[in-house]
Amino acid sequence: MTVARFAPSPTGYLHIGGLRTALFSWLWAKKMGGKFLLRIEDTDMARNSQEALVAIIEAFEWVGMDYDGEVIYQSQRFDIYNQYIVRLLEESKAYKCYMSKEELDALRESQMKAGERPRYDGKYRDFDGTPPLGVEPVIRIKAPQEGRIIFRDGVKGEIDIAADEVDDFVIARADGSPTYNFVVAIDDALMGVTDVIRGDDHLYNTPKQIVVYNALGFALPNFYHVAMINNEQGKKLSKRDGATDVMEYQKLGYLPEALLNFLVRLGWSYGDQEIFSVEELQTIFEPKSLSKSSSNYNLDKLLWLNAHYIKNKTNAELAQLLHPFGIDIREHDERELLLDATKERGKTLVELAEQIMMILKAPESYDEKAVKKGFKADSKETLLDFITMLEGWDKALHLPCDYHNVLEHFVATKEIGFGKIGQPLRIALLGSMTGSSLDEIMAIIGTKETADRVKRAIALL
Ligand code: GLU
């Protein structure tokens, strides 16, 4: 059975690159009918943050990614890691290293001076003398000194390095805490992880982890190292490029399905298809179609997708979604009309909320440019005449088409162009030249509110 996992270190918020890696793993597990584990890599006690942990769990919840079993915490598994350290020491596959920090620094410096790559020199590998006093040892694993470490990466192809490129790295620190490359291998093996999908910043950790797998006789999983997401200019994505924290996207009014659709296409493709539901992805995603090269973040694409998903929500769903954005129209009489008139006008829930507010709330001010352009000397009189016709209309006015009829009748009777009433009316109702269609707006706010707004504009302008 396919077992995939996401293994974040809770040292900062969950960024979109992390979410994308998690998504790839999750989709692959789903597609294979396998399992997906969420394992928190919190062995570095000094750098862990509770806030980061909460943000990860929250992000998973928001986007609707589930995991099998409970969340696993490496910090609760130290006993297990210790057993393996003891075993490796007993089997003489690992050893205590007493090199002090000063000694290590000096070694590194002299190697750098000699133009060599800094690496541990194996001083304590076969040491059987009396250990120096006052140094708490670290534990190092014996890495092979000859041969090659070769593995097939599902994205990058064959990776083949000289074994001696991997030095005897530390598997447990002086305080006894185990290190990342050690515990990740132990956990992936013990948890039966078959497919490791992660960022390619880990590509050169994999040979180290293979040393651990081999020392303990564990079978290797499949590895897939996913290329990074760059910014629009092709440079490393940073905070400066806007939101990178997943939960920030929620606040900015993105729908989780849009974000997931956006992320899956960064580094993965399926013909030239752009729109994917999560359900569909769960049946077609294959890590072998992951791209070798990095992909560029593209805000316009994200906005386009978000607009698509907003447009395709039911009005009842949208009313719920808008609630956290300060719009409560769940019980509004004209909810359907209001959302039909606006839902194609907002690329985010924030924009949609603004569009709705603009209709529901009488304008507090009037856009100067719009007034100059659309509110002419004779506009007040035209507006007054229109209101008179509206209030005296002998048929019930409910639907946009009812108001449309009045508008049509008005311009025909007055023998004026539509702009003569359209522009000042729009300014009076919304305070600006933009927004939904006038008949829709009037149908939503009703005749009385229409007349009130017009009278206010006449008095103020
Ligand atoms: N804890 C590692 C990180 O957050 C994940 C490594 C992995 O997936 O193996 O980068």
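Fair warning: this is a prediction, and the values are worked out from it, not measured in the lab. In listed order, ligands and their atoms are each counted from 1.
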Could you list the donor-acceptor pairs under 3.5 angstrom formed by side chains in residues 245-256, with sequence neighbours left out?
{"residue": "Asp245", "atom": "OD1", "partner": "Met247", "partner atom": "N", "Å": "3.0"}
{"residue": "Tyr249", "atom": "OH", "partner": "Ala243", "partner atom": "O", "Å": "2.5"}
{"residue": "Tyr249", "atom": "OH", "partner": "Tyr297", "partner atom": "OH", "Å": "2.7"}

Please report, to 0.1 Å, the donor-acceptor pairs under 3.5 Å made by any side chain of residues 428-439, with sequence neighbours excluded.
{"residue": "Ser432", "atom": "OG", "partner": "Thr434", "partner atom": "N", "Å": "3.2"}
{"residue": "Ser432", "atom": "OG", "partner": "Thr434", "partner atom": "OG1", "Å": "3.2"}
{"residue": "Ser436", "atom": "OG", "partner": "Ala341", "partner atom": "O", "Å": "3.0"}
{"residue": "Ser437", "atom": "OG", "partner": "Asp439", "partner atom": "OD1", "Å": "2.7"}
{"residue": "Ser437", "atom": "OG", "partner": "Glu440", "partner atom": "OE1", "Å": "3.1"}
{"residue": "Asp439", "atom": "OD2", "partner": "His404", "partner atom": "ND1", "Å": "2.9"}

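Thr2 is not listed as a side-chain neighbour of Lys31, based on a closest heavy-atom distance of 4.5 Å or more.
Across the listed options His202, Glu41, Gln209, Arg198, His202 owns the non-hydrogen atom lying nearest to atom 3 (C) of ligand 1.
By the 4.0 Å heavy-atom criterion, Tyr180 is counted among the residues contacting ligand 1.
Close contacts between ligand 1 and Val184 involve ligand atoms 9 (O) [criterion: under 4.0 Å to a heavy atom].
In this structure, atom 8 (O) of ligand 1 lies nearest to the protein heavy atom Arg5 NH1, 2.6 Å. The protein heavy-atom contact nearest to atom 2 (C) of ligand 1 is Ala7 O, 3.3 Å.
Between Arg198 atom CZ and His202 atom NE2 the span is 6.5 Å, to the nearest 0.5 Å.
Residue contacts with ligand 1, taken as heavy atom pairs separated by less than 4.0 Å, involve Ser9 via backbone and side-chain atoms alike.
A centroid separation of less than 6.0 Å is found between the aromatic rings of Phe285 and Trp268.
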